[in-house]
Each structure stands twice: as C-alpha cells, then as structure tokens.
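Within every chain, numbering begins at 1; the chains are lettered A, B, ... in the order of the sequence lines, protein sequences first and strands thereafter.
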Amino acid sequence: MDLCGVELEGPVLNASGTFDAIAARRAFGDALLERFPFHAFVSKTVTLAAREGNPPPRLWEAPAGMINSIGLPNKGLAGFLSNDLPELAGLPVPLIVSVMGFDHSELAALVEGVGAREEVAMLELNVSCPNVETGVLVGADPLETSAAVAAVRDRTSKPLLVKLSPSSVDPGAVALAAQEAGADGVSLINTLKGTALHPQTRRPWLGAGSGGLSGPAVRAVALEQVRSVADRVAVPIVGMGGIASGQDAADFMAAGAHAVAVGTESFRDPAAGARIAAELAALEGAGRAHPPQAVR
Amino acid sequence: MDLCGVELEGPVLNASGTFDAIAARRAFGDALLERFPFHAFVSKTVTLAAREGNPPPRLWEAPAGMINSIGLPNKGLAGFLSNDLPELAGLPVPLIVSVMGFDHSELAALVEGVGAREEVAMLELNVSCPNVETGVLVGADPLETSAAVAAVRDRTSKPLLVKLSPSSVDPGAVALAAQEAGADGVSLINTLKGTALHPQTRRPWLGAGSGGLSGPAVRAVALEQVRSVADRVAVPIVGMGGIASGQDAADFMAAGAHAVAVGTESFRDPAAGARIAAELAALEGAGRAHPPQAVR
Amino acid sequence: MTASAAEPQRTLAPPERRVAEVRGVRRLGAYDLLTARDPVGPPGPRPGQFYMLAAGDRWGGGAGERPFLPRAFSHASARPHPGGGVELDFLLEDVGPGTHRLGELQPGEALMLLGPLGAGFRSPAPGTRPLLVGGGIGVAPLLCLHQERRGDAQVLVGFRSHGHAAAAELFGPGARVVTEDGSVGTLGLVTEPLGAELDADPAATVFACGPPAMLEAVRFMCAQRGIECQLALESGMACGFGACFGCVVETVDGYRRVCVDGPVFAANQLERVP
Amino acid sequence: MTASAAEPQRTLAPPERRVAEVRGVRRLGAYDLLTARDPVGPPGPRPGQFYMLAAGDRWGGGAGERPFLPRAFSHASARPHPGGGVELDFLLEDVGPGTHRLGELQPGEALMLLGPLGAGFRSPAPGTRPLLVGGGIGVAPLLCLHQERRGDAQVLVGFRSHGHAAAAELFGPGARVVTEDGSVGTLGLVTEPLGAELDADPAATVFACGPPAMLEAVRFMCAQRGIECQLALESGMACGFGACFGCVVETVDGYRRVCVDGPVFAANQLERVP
Ligand SMILES: Cc1cc2nc3c(=O)[nH]c(=O)nc-3n(C[C@H](O)[C@H](O)[C@H](O)COP(=O)(O)OP(=O)(O)OC[C@H]3O[C@@H](n4cnc5c(N)ncnc54)[C@H](O)[C@@H]3O)c2cc1C
Ligand SMILES: Cc1cc2nc3c(=O)[nH]c(=O)nc-3n(C[C@H](O)[C@H](O)[C@H](O)COP(=O)(O)OP(=O)(O)OC[C@H]3O[C@@H](n4cnc5c(N)ncnc54)[C@H](O)[C@@H]3O)c2cc1C
Ligand SMILES: Cc1cc2nc3c(=O)[nH]c(=O)nc-3n(C[C@H](O)[C@H](O)[C@H](O)COP(=O)(O)O)c2cc1C
Ligand SMILES: Cc1cc2nc3c(=O)[nH]c(=O)nc-3n(C[C@H](O)[C@H](O)[C@H](O)COP(=O)(O)O)c2cc1C
Ligand code: FES
Ligand code: FES
C-alpha cells in the first residue's frame, strides 16, 4: 500500500515513543528483524537538544490503560543522526522520524537535518505531546498548527505527517489547517492529559505531576476524532489510540484511517503489531473490514 | 458540610442524568428513601421544550466504561415543574436541578422557572453535554461560558453550579470565567466525546452517531482537570468522572474537589453512592483521605 | 387505556446489589442453566421480570477488556430455598464476554445480583387460555410462567437446532417444539403453526418472548385476529432500574424504557417490534 | 569503565509473548511459588534476568479494574523440562491485583510470558567469594544464582517475619537467616551481620536484591570497603524490553532503563539506590 507516497507492505505502524527498535534488538537479537512487527517504523520524538526526560515514577496503570510522563527523553538531533539513525536504517521497513521543536527555528532545523538523510522515508511533526506545555497549545490551535507546518514545509521534500493533539475542541479544524499548510497526512490521537495520586500520600504519583493517558480506555475518543477529522481532510490519516486487535484496526480504517499505529498494546506483547496486522488481513479477506455500508 | 451555602450530610452526590429517583422508586419502593444513596440529588438535565432523546441504540460498553448517546430526554420545563418536581421534593436530601438552554433567553427562562420553586436548593447549568452541539461549544469557551452565566445570574438568588465541558483546551480558564460571571461553584467532568462502530457493519453503533464516554476509563482525565481547575478558582468544586470507590473519591477531594458525584458506578449498583460515602468516611476516620502533604 | 395496557405486575427489589451464592452451572444443550441462591431477595419475582447479574470476582478482563456493566437475565424459575431465601435458575446463551463469564462460575462462587426488576407478565383475563410462544433463549421467562400456570398453558417453542431444543425439556412433555433444521419436532419457524393455533382459539392470550423478528410476526398475527398479546422485549441495558435511559424502545407513546416500563409490553403498545 | 561496569550477561528472548503452562502454585509461608513450563523459551536464562508475566485469561477486572499491563518477575529457578522446554519457578508476594491474580492460577491454565529479559548477574571475578544478600521477596533472583554456584556462595537473607522466612528453606541449610521479629535465625536487619562478613573477607563479591533501603545500605557498606557489589533493582514497568522508557533509575550516567540496562547494576553505577 501507499502512505503519502511511501510504499508499505501493510497498514500497521508503531505509535511514536512506544517501541525502541534499538533496545528491542538488544533484548531479542536478530529475531526481531526476521519477525519485525510493523510495516513502517516510527521513531521516538527527537528534539533539537538532548533531553533526560521526566523524573520517575513515569508510569501509572489506569483502568484499561496507563498514564505516562516520560517527557521525551532523546539524544537530541545530533545524537540521533550519529548514533540512532545508522542502527534504525538497518530495519527491514521504511523509517518515519518524529520531531518536535519548541519554536519554529528549532522545528526548521530538525526537519532540515532529518529530512536531508536518505535513510528517512517520512517525517512526523509532533505538535501534541501533552508532556511538554507548548505541545498542547500548538496542536490544539488551527492557526498555531498551520504556522508550524508552514515554517517547515519547504525545508524538506519528504512527506510530512502532522500528529494532532486530542485536547483540541475541534480536531477537524486543526487537521484542515495542517493540510492547507502543506501536511501530506495527519496522525491521531496522542495521549489525553491525565493524572493519578499516590494511594497513601495523595501527592501526584508521577514525577512530572501529570502525564498522558493511553490504551483501550481512550479508544472511543480516538475513533470519534479520526471520524471527525476524516470528514474534513483529504490527506491520509494514521489512526491510533487503544488499538489492540484487528477488529479495532478495522474500525479505525472504516472511520477513515488509511493506516493504523499500535502503541500501548506493544507493551503487553512486542509482537502485537504483527498479530493485529494478521487479524486485520483475515477480516479483509472475509470482506468484514470495510463493508460497503460502513462509515466511509 | 456546606456546599455553596447548602447544608449537606455528606459530600457524595449523584452525577446528573445517571440516577432517576422517580423510576428507582418504582423499582425499589420506599426502601429507596430509607436508604437513599446520595447526600444531595441532582436531576437529569431539564430543557425548556420537552425532548424525546436520541434514537436507540443509546449505549455501548467500552473498556472500563461506556458510551452513551441518550440525548437529554426530558419533559421540558413545564412538565418537570408539574410532574417531576413534586415527587423529587419528597426525597430525603436537598435537590439540585440541572438545566440546559440552547440560547440565553431559554437559559434565563429555565433558571427563573426552576429557581422560583422553594423545593429547589441549587441549580446546575449544563453547558457541556457532548450530545447537544451547543453544549460542547459553550462550555469549551471562556467567553461563551461567562456570557451564559451572566445571562442567568440575576434570575435567581439560589446557588448556581456550572458544569464544565471536558473538551476545553484549558478548563481552568473556563472555570475562572464562570466564577467571575457569578457562578457559586463548578462541577466536572462531563463525558468525553467518543464513538464505536457496529462489529459487523462498521456503521456507527449509536443511533446518534456518537456519544459520551464515562466510567473508570475517564478517571485520570477527570482528576487532572479537577486539579487544574482547583488551581484557578476559589469556588467549591464538585468532582466526578469514573469515581467507583472511596479511594477514588478521596483522590478527587485531595485534588481540590469539595464534593464528588457518582455516575456510571450507580449503574453497576444503585447503592454505589452509599458504599463510596462509607469508604470515604472510613479513610477520613483513618486520616488517610486528606493527608497534610497531599496535593492541596 | 385498554385493559392490556394497564401496568403489569412487579415485585419490588431491594435498592442495592447483593451477593448470591452460585449453586452450579448445568450444561443444557447449547445453553447453560445457572442456579444461584439469593439469600435476602423477595420470594415472589413475577414471571417476565429480570435480574441484573455480574460475577462477584473478575467481572472484566475478558474479550475486548469487557464485561464492565452487569447483564440482564430473566429468571427461568424461582423457588423458596429450604435454608431461606430464594433459589433462582437462569438460562444463559453464551453470546459474548458477560454470558461467557457467568457460564464459567463455580459452585460456591459469588454472583452479584440486583432484582427482581421491571414489569412482568400480567395474568390472562379469566376465561382466556394462555398460549406461551417462545423462540430460542426467549423461552426463559416463559418457563416460570408455565410453572405458575400449573400446566393450563399451551406451549409452542421454536429453536435453531437440536442443541438449542434441549431447553424444551424444561417445559415437560406437553410442549410443541419446532426447529429450523427439523432435528426436533416439526421443521420450520414457530410462527407457522401459530396461525392455526390462534384461529382454533380466539379466546387465547399470547405470552411471547424471542428474537425481534419472531416477536414482530407474533404481534402482527395477534393484532390481525384481535387476540390479546404480551411481549417480553430485550434491549441493551446499563442499569436495569431506569437510571440511564439507555434501553428505550419506540412505543405508541414514544420512547419507553424496557427496564422499568417493560420488559413486558402489551402488543398494542407497539406499532412494531424493532 | 571498571570491570564491574562491563555489561552483565543476558540470554536473548524470543520477540513475542508466548503461552506457558501452569504446573501449579505452592504456598510457601507468606509467598506463592508459581511453577510453569515454558515450551519454547531459551534454556539458560541468567540469574537476575526476569520475565514479564500475565494470566492467559481474565488479566483485568480485579481491584480498581486492574491489572492491565504484564508484571515483571525474576525466575527463582530454571531447569530443563523432560518433555522439552524449560520449567520455571517464580516466587510471588501478593501485593496487588497482578500478583494476586497470578497466585490464583490453576494447573493447566495459561500463563502469558515474555523473556528472559534484562541483564542478569555477572559471574564474580575468579578468586573472589560470592556473598548473596537478600531481603524479603528479593531473595528470588539469588536463589538461581545460588543454584548456579553449587554451594560455593555464602547466603545472608533477611525477612519480616516467620511466614516470610519460609522462603529461606529454598537455599538449603547453609543460609544465614535474620528476621525483624527474631522469630527465625538472628533478630535484626540483614545489614547488621553484613558488616562483619565484609570485614572478614575483603575478597568477597556481593550480589544483592531487596527493598531499596536495604540495597542502599549494602551499596554504602561495600563502597566504604571497596568491595565489588552487584545490585538487582526493581522499578515499575510497562513493557520490560526498553520500549516505554518508564522504568528509569538515576545512575552516574543519568537515567537508565532498569529493564534493559538492568535490573542488575554494578553498585558503582549508582550514587545511591532511590
Ligand atoms: C430483560 C432482559 C432479559 C434477558 N434475559 C435473558 C436470558 O434469560 N438469558 C440470556 O441468555 N439472555 C438474556 N438477555 C440477553 C442478555 O442480557 C444478553 O445476551 C447479554 O447482555 C449479552 O452480554 P455479553 O457480554 O455476553 O454479550 P455482548 O458482547 O454484550 O453482545 C450482546 C449483543 O450486544 C451487542 N454488542 C456487542 N458489543 C457491544 C458493546 N461493546 N456494547 C454494547 N453492545 C454490544 C451485539 O449486538 C451483541 O450481539 C436478556 C436481556 C434483557 C434486556
Ligand atoms: C526486574 C523485576 C523483578 C521482580 N521480581 C519479582 C519477584 O521475583 N517476585 C515478586 O513477587 N515481585 C517481583 N517484582 C515486583 C513485581 O513486579 C511487583 O510486585 C508487581 O508488579 C506488583 O503488581 P501488583 O498488581 O500485584 O501490585 P500493584 O498494585 O502494581 O502495586 C505494586 C506497587 O506499585 C505501586 N502502585 C499501586 N497502584 C499502582 C498503579 N495503578 N499504577 C502503578 N503503580 C501502582 C505501589 O507502590 C505498589 O506498592 C519484580 C520487579 C521487577 C522490576
Ligand atoms: C510510554 C509512551 C510514550 C510515548 N511517547 C511519544 C512520543 O515520544 N511522541 C509522540 O508523538 N507520541 C508519544 N506517545 C503517544 C503514542 O504515540 C500514541 O499516540 C498514544 O499512546 C495512543 O496510542 P495507544 O493507545 O495505542 O498507546 C507515547 C505514548 C506512550 C504510552
Ligand atoms: C447515561 C448518562 C447520562 C447522562 N446524562 C447527563 C445529563 O443529563 N446532564 C449532565 O450534565 N450530565 C450527564 N451525564 C454525565 C454525567 O453526569 C457525568 O458527568 C459523567 O458520566 C462522568 O461521571 P461518571 O464517569 O461517574 O459517569 C450523563 C452520563 C451518563 C453515563
Ligand atoms: S437500562 Fe438504564 S434505563 Fe433501562
Ligand atoms: S519497562 Fe518499558 S522501558 Fe523499561
């Protein structure tokens, strides 16, 4: 299949920040490459400067989901290009690099630096990470979003995905703004802002005070946002949010997604992406994935 | 305890639209009044004109929660005042009436009509029901919200709660606007907009196409919004969203709520409110509900 | 309002969920017969009323992270328990995570229970002959009505196959059985012999429960003949006691909640069964 | 980097979650000993490595609608299974919905398993004497190290009470036991006799696992004496294979993921145990 001009063997990606192929290779060895669970690999979000991430604890288990306050730890653009990119280039699938900048010049530098590398097939602009204040603001606002996209559009000829924030009142409007500013596709949803308290002290459990909710708990919200965005934009949509089965993936496709991404479910099983792809293919084979009378 | 000037025997309310005391009396008889599960009763939202509500199906079970597309069925102001209010006046706890208007004149008529009845202790302005378009818009926007509150503030001397929309980018700003416009308190969260598809046809399952997500799945989002609103306003907060235990209630109180409301959990057990109140009291007795070092 | 639209009988429920003790689950062809002892529940639930059930432990974590809400089931039989309280039988068809979990329960385990809820069948007018028409799992509420009538009711039940028809045993020898594959009783749909039955006895009162298509056919055939008919409907429910407004069905008076205004409706309250 | 900071040994895991068969759960004082047969897993997991475990059925629906994520457990013992594959023992302490559910598993039921994961203990430098120091449930990874050393390791383990001390049996007679209530062995904390042990043998290499406060004391005492020490840490985990960045601990090189850079760390990689 084709996603924004990039050829993929199937529609199942990993959600950014939920699969570290380099660490997984240390744990699983070459078997990981022989049975790679995704049709394209999306990197964890890269920022211009290196980040340590938030203080622990960074995880809270919620009903049918989890809250994370990871805080985008990464080696920074230079470290990513010199250390991570060469290893990621060895993966058997196309590489999508997620980037986030705290202002337009940072964004431009990131897109230019990453886009220049031929190992990179596509870029994803993360304007919606709830763990970094500006993320929420930019991705929740159509004007901010189109300005951000416009600031980087001409810095690369590679396809550009814009990852929307779920905190927007009207995700469709933000998606439309991104499309008009030159985005080749949009991805959604990112995590919902949430928090939890320590069962005894009732202080915030997470080191960062709050974090992002993900997993099956957010699926209904994600599916609704994908559906409303699909009504507004023509560019391809990468749908995600609580996808844990081929049934879920088929729902997102029927709601208007061209591809899906698996995040939290990979934590329960590193091979979840492969299972979901197989289940989805079986449904498609049986004609039960996109029945004619479905949403689209 | 005191909530916006109304004396309550405890802090546990029902969430609007999740407990019909009149129907419950038909099912449980007088035993319901002898063992009434809440410290105050909040009515289902009343609109000026009667409403049939949305076509079925209206329910979808989600992971650790549910989606509803009920659509505010009610007898309208006149029908409520003549049929329901007399029966609700017989409840052993103070009565809070929830109202929603589709424009300021409707709102004013509702607040005036309901506020004039001495059986009513308090009013709740629902500006956030995701099943009615305007609901999302008003409650998600500080200016719209303060305009709505200002339009009704002088129509009643009774305390006025404003129920916020969770779809706002910045609930604290909306809460502050409500307070400045004269709200005596705020309540949150309402349901999150969500949808689900028919497992075979992949058409929207709900008759209304989409609905609102509630239950433990939304608790982390609710707790975060209560915390952020508590940082901005001085008026009392009624916290709700997935509360299913005294532990949950204590978390909401520690995050800044003065009272809590139980919604979806009552569907699993009509006496859930009483159980939660007892569990909360036990935690308070043990000094584990508001430890000195807690959030507030 | 016609007599048939008068409110059917209802036995009140305690206003809280309580713990019943599972006595056992017996496999009955394609169905499971769950028996539980309700220690403090009212002794006389009306045939056609129902209970909201959930497993006391691990209700959740099944397929698709479900179930979460309790599930509605008509009691198929209710009898006083020698040690006190009531012993209830529920006939279950495994169609998803909730019914699957309930079918797994072991003797001695906890069953969370609320009920009896809703409005059950009204006794037929004196002089009329009760005719019980059931399809598949819909026979459940007719079983206790049959017991209550002590055999004065005619029984006509239809099933998909041999395995499902096993439930017919519970009615005893008198019941007429129809199966879609002809494996038991007559081949066909329950509505085929129904016409003749109704023509043979215009004084019959029909009590029906089953899939919507069957109920609609029964409603239509009775309406044509001006025969009184009570229909026990199903609907997706969250609460079972009128709290959520989620279980509505369209009636001649607009949307009505199946859990409090039903599940038993007089056929003439419905323009059609949805 | 000093030798002790060199990467400890790790046995690679298959890149997917697999189904193991529960052989049984044996009550061992305050703990449960869960035995399962891992049909296709690698035969030689390193002591100190761990597995992510979940019940095959009904993982969820417990207290607070949990568990949802798998849970990390060090294997206490691994031996080839006559019928093929590996038989693994896990020592469990019931502290919440996940450990509670795993303790309920019945023989023949499915255990979902991923592993072995992380970096285990490195063998001590030749000529040094291994000293295993464990606290409470932290003895689990030391058990298989003890087996591997075939008795050439000294064992010093501390427990809260008599019930917990039952786990000491698994080390055989040679182990020195300390309890906080004096009910078994010496009264006190494991760190009290440790000082003398270390002074008696500066050539010791310490392998420790237990509660953070204990590990910090062990780290400090070894650092004071310049004795090599390896610490097996715990941390809340979501994935166990480096995917979520959730399990980090602060080290001299900044935050490191316990699941891939640990759980075993050379003590000198930590300024203190958090
Ligand atoms: C008054 C009454 C009496 C009843 N009596 C009996 C009885 O005696 N015996 C009996 O076996 N059954 C009875 N039922 C039906 C029973 O309640 C349902 O079969 C049961 O709730 C199914 O739950 P489940 O989890 O097993 O299946 P579900 O997964 O809930 O599937 C049941 C149906 O719900 C729909 N569905 C699927 N997924 C979802 C979702 N996520 N959210 C909402 N809907 C969904 C589909 O149409 C599916 O066919 C009765 C129902 C009512 C209302
Ligand atoms: C490498 C490694 C090896 C381990 N080996 C063993 C072993 O051999 N045996 C053994 O018994 N244990 C072992 N553990 C610990 C074990 O993983 C935990 O005890 C287990 O995950 C607890 O899960 P639970 O659901 O039972 O308890 P939880 O409810 O998860 O509680 C455990 C702790 O987590 C915190 N907590 C409470 N609620 C939440 C929430 N909602 N989200 C996040 N945190 C919460 C609290 O501090 C609580 O004390 C090991 C851990 C690691 C990292
Ligand atoms: C632990 C964790 C880390 C994440 N890190 C990132 C990130 O670096 N960049 C990003 O765009 N999204 C990040 N996300 C969001 C996911 O990409 C995804 O949008 C979200 O988790 C919803 O999908 P899911 O429910 O399948 O997990 C992260 C999510 C989790 C759970
Ligand atoms: C079936 C249903 C009906 C509801 N109806 C209303 C309503 O009429 N007015 C309103 O303000 N909120 C309504 N709500 C929202 C609840 O009051 C509450 O804000 C929300 O459900 C979150 O709480 P919970 O998770 O405890 O259910 C409804 C929720 C449900 C589930
Ligand atoms: S099931 Fe809730 S009103 Fe009927
Ligand atoms: S547990 Fe996920 S990175 Fe360590």
Side-chain angles (χ1 to χ4, degrees), chain A residues 60 62-67 130 136-137 139-141 165-170 192-204 209-213 215-228 242 244 247-248 250-255 288-296, chain B residues 60 62-67 130 136-137 139-141 165-170 192-204 209-213 215-228 242 244 247-248 250-255 288-296:
Chain A
W60 176 262
M66 59 180 280
I67 317 175
V136 169
L137 298 181
D141 180 60
S165 163
S167 316
S168 157
V169 194
D170 182 357
L192 298 175
K193 197 162 197 285
T195 196
L197 304 185
H198 188 294
Q200 279 77 42
T201 66
R202 303 213 189 277
R203 280 212 217 83
S210 70
L213 180 67
V218 308
R219 190 188 304 140
V221 173
L223 195 58
E224 171 60 21
Q225 293 203 4
V226 165
R227 195 170 71 113
S228 62
Q247 271 283 349
D248 300 337
D251 282 349
F252 277 74
M253 305 277 243
R288 297 211 4 246
H290 319 279
Q293 73 279 59
V295 185
R296 305 299 309 151
Chain B
W60 177 262
M66 59 181 280
I67 316 176
V136 169
L137 298 179
D141 180 61
S165 164
S167 316
S168 158
V169 194
D170 182 358
L192 299 175
K193 198 162 195 329
T195 196
L197 303 185
H198 188 293
Q200 279 78 39
T201 65
R202 304 213 186 276
R203 281 211 217 82
S210 70
L213 180 67
V218 308
R219 190 188 304 139
V221 173
L223 195 58
E224 170 62 20
Q225 293 203 5
V226 165
R227 196 172 71 114
S228 63
Q247 271 284 350
D248 300 337
D251 282 349
F252 277 74
M253 304 278 242
R288 295 207 11 241
H290 317 280
Q293 72 278 59
V295 184
R296 307 298 308 149

After noting the C-alpha distance and the side-chain angles of Ser210(B) and Arg227(A), does the key distance pass the side chain to side chain contact (heavy atoms under 4.5 Å, CB included) rule? CA-CA 10 Å; Ser210(B) 70; Arg227(A) 195 170 71 113; 3.6 Å; yes

Pairwise distance [atom1]([X]) to [atom2]([Y]) - rounded to 0.5 angstrom:
| X | Y | atom1 | atom2 | answer |
| --- | --- | --- | --- | --- |
| Asp251(A) | Thr195(B) | CG | OG1 | 9.5 Å |
| Gln247(B) | Gln200(A) | CD | CD | 7.5 Å |
| Gln225(A) | Leu192(B) | CD | CG | 9.5 Å |

Restricting to non-hydrogen atoms, name the atom on [X] and the atom on [Y] that form the minimum distance, rounded to 0.1 Å.
| X | Y | value |
| --- | --- | --- |
| Ala196(B) | Leu223(A) | CA-CD2, 4.0 Å |
| Ala255(A) | Leu197(B) | N-CD1, 4.4 Å |
| Leu213(B) | Ala220(A) | CD1-CB, 4.3 Å |

Using a cut-off of under 4.5 Å for heavy-atom pairs, which of Ala62(A), Ala64(A), Pro63(A) has the most such pairs with chain B? Pro63(A)

When Ala222(A), Gly209(A), Ser168(A) are compared by non-hydrogen pairs under 4.5 Å with chain B, the top option: Gly209(A)

Please classify the contact between Ile67(A) and chain B as side chain, backbone, both or neither, with a heavy-atom cut-off of under 4.5 Å. side chain

